[in-house]
Amino acid sequence: MKLTMDTKPKMIKEYLDEQVPMTKLVKKYSYDLAKLKYVVKLYQMHGEKPFLEQDKRIYTSEEKLGAIKIVMSNQKSARQLALEKGMPSPHALPDWVEKFQKEGTDAIQVSGGRQSYRFNADKQKYLPNKELKARFTPSLLHNLRARRST
């Protein structure tokens, strides 16, 4: 079961504060034990920040390629690096590595995570530079909204 970003901190607090065993939480929330261990560790390292919807961040190609290089050179595991970077999903980084291995450097593009992209003015505050912001002009946003409403 996929949990919402609001439910994960609640589940983690049940484990940490109320000392509910992980096995009970896994059953209660129909959640994977390995994922639960990951999100608990993530919470312990970064607090609620990685779980906040408004804190979704965009990873540049350079950031992704740097992380891929670290993982492929066996300096750190993908899971360890994802934890250090505060990534809400332990699976995104291995997906980047796989895509890089299959399709090369050009396949590693700027993205905003696994959620649907934000096609509104709000997205601009997450974009790392002016060049990317230019891609999301008001006319582009208007066209994207028009396509979605049809």
Side-chain angles (χ1 to χ4, degrees), residues 1-103 105 107-133 135-136 140-141 144-145 147-149:
M1 168 189 265
K2 183 170 177 143
L3 298 180
T4 65
M5 291 301 219
D6 294 333
T7 308
K8 288 178 185 178
K10 179 183 172 195
M11 179 177 58
I12 293 164
K13 288 176 184 176
E14 284 183 51
Y15 171 71
L16 294 174
D17 298 341
E18 300 170 27
Q19 299 178 350
V20 176
M22 281 191 178
T23 53
K24 286 188 179 184
L25 292 171
V26 164
K27 288 179 185 174
K28 178 179 177 181
Y29 291 97
S30 299
Y31 200 62
D32 181 72
L33 181 61
K35 289 179 184 176
L36 177 57
K37 288 178 181 180
Y38 179 86
V39 295
V40 166
K41 184 73 171 172
L42 185 67
Y43 182 87
Q44 289 172 324
M45 292 175 74
H46 300 280
E48 286 191 25
K49 186 176 179 185
F51 304 99
L52 300 175
E53 288 292 334
Q54 64 269 22
D55 195 53
K56 293 278 186 209
R57 63 168 301 214
I58 296 193
Y59 297 95
T60 65
S61 300
E62 293 80 21
E63 287 175 305
K64 288 180 176 185
L65 290 169
I68 290 166
K69 182 180 177 182
I70 291 169
V71 171
M72 289 184 71
S73 66
N74 293 319
Q75 293 175 17
K76 295 182 181 176
S77 72
R79 190 177 188 89
Q80 179 186 6
L81 188 57
L83 276 170
E84 288 175 12
K85 290 186 168 290
M87 297 173 73
S89 170
H91 304 293
L93 191 46
D95 289 350
W96 299 347
V97 171
E98 183 179 340
K99 188 169 192 162
F100 175 80
Q101 289 172 329
K102 287 181 179 177
E103 301 173 40
T105 304
I108 306 303
Q109 302 292 321
V110 174
S111 67
R114 296 179 182 239
Q115 301 295 325
S116 358
Y117 288 99
R118 287 181 270 259
F119 289 116
N120 56 45
D122 227 25
K123 180 171 182 151
Q124 290 191 12
K125 69 182 176 186
Y126 296 97
L127 295 172
N129 62 44
K130 291 178 186 177
E131 180 182 324
L132 291 173
K133 289 179 184 179
R135 289 180 24 205
F136 293 94
L140 172 67
L141 295 174
L144 291 169
R145 285 189 190 113
R147 273 192 230 155
R148 285 195 309 188
S149 65

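Each residue takes its place number in the sequence, starting with 1.
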Subject >> Closest non-hydrogen atom pair between Pro88 and Pro50, with its separation >> reply: CG-O, 3.3 Å
**OP:** Quick one: which residue pairs count as a side chain to side chain donor-acceptor pair (under 3.5 Å) with a foot in residues 18-27, not counting sequence neighbours?
**Re:** none
**OP:** Output all residues satisfying side-chain hydrogen bond (donor to acceptor under 3.5 Å, both in side chains) with Thr105, sequence neighbours left out; order by chain, then residue number.
**Re:** none
Original post:
To the nearest 0.5 Å, what is the distance between CG (Leu25) and OH (Tyr31)?
Top reply: 11.5 Å
**OP:** Could you tell me the separation between the OH atom of Tyr38 and the CG atom of Asp32, rounded to the nearest 0.5 Å?
**Re:** 13.5 Å
**OP:** Would you give the length of the straight line joining atom CG of Leu16 to atom CE of Met11, rounded to the nearest 0.5 angstrom?
**Re:** 10.5 Å
**OP:** Apply side-chain hydrogen bond (donor to acceptor under 3.5 Å, both in side chains) to Ser61 and list each qualifying residue two or more places apart in sequence or on a separate chain.
**Re:** none
**OP:** Nearest 0.5 Å please: distance from the CG atom of Leu65 over to the CD1 atom of Ile70.
**Re:** 11.5 Å
Subject >> side-chain contact (heavy atoms from CB on, under 4.5 Å) involving Leu33 - partner list, sequence neighbours excluded >> reply: Met22, Val26, Lys37
Original post:
Is the backbone of Lys41 close enough, under 3.5 Å, to the side chain of His46 for a donor and an acceptor to pair up by distance?
Top reply: no
**OP:** Could you tell me which non-hydrogen atom of Val39 sits nearest to which non-hydrogen atom of Phe51, and how far apart they are?
**Re:** O-CZ, 3.7 Å
Original post:
Which atoms form the tightest heavy-atom contact between Ser89 and Ala82, and what is the distance?
Top reply: O-CB, 4.4 Å
**OP:** List the atom of Pro94, the atom of Pro90, and the distance in Å for their closest heavy-atom pair.
**Re:** CD-O, 3.2 Å
Subject >> Value rounded to 0.5 Å, distance of CG in Leu93 from OH in Tyr59 >> reply: 9.5 Å
Original post:
Looking at side-chain heavy atoms only, is the closest gap between Lys64 and Lys99 below 4.5 Å?
Top reply: no
Original post:
Passes side chain to side chain contact (heavy atoms under 4.5 Å, CB included), Val20 versus Tyr15? Steps please.
Top reply: CA-CA 5 Å; Val20 176; Tyr15 171 71; 5.7 Å; no
Original post:
What is the distance from atom CH2 of Trp96 to atom CE of Met87, rounded to the nearest 0.5 Å?
Top reply: 3.5 Å
Original post:
Do the non-hydrogen side-chain atoms of Gln101 and Val97 ever get within less than 4.5 Å of each other?
Top reply: yes
**OP:** Could you tell me which residues satisfy salt bridge (Lys or Arg N to Asp or Glu O under 4.0 Å) with Glu63, sequence neighbours excluded, listed by chain and number?
**Re:** Arg57
Original post:
If you look only at pairs with a residue in residues 7-17, which of them pass as a salt bridge (Lys or Arg N to Asp or Glu O under 4.0 Å), with sequence neighbours excluded?
Top reply: Lys13-Glu48, Glu14-Lys28
Original post:
Does anything in residues 73-87 pair up under salt bridge (Lys or Arg N to Asp or Glu O under 4.0 Å), and if so which pairs, sequence neighbours excluded?
Top reply: Lys76-Glu84
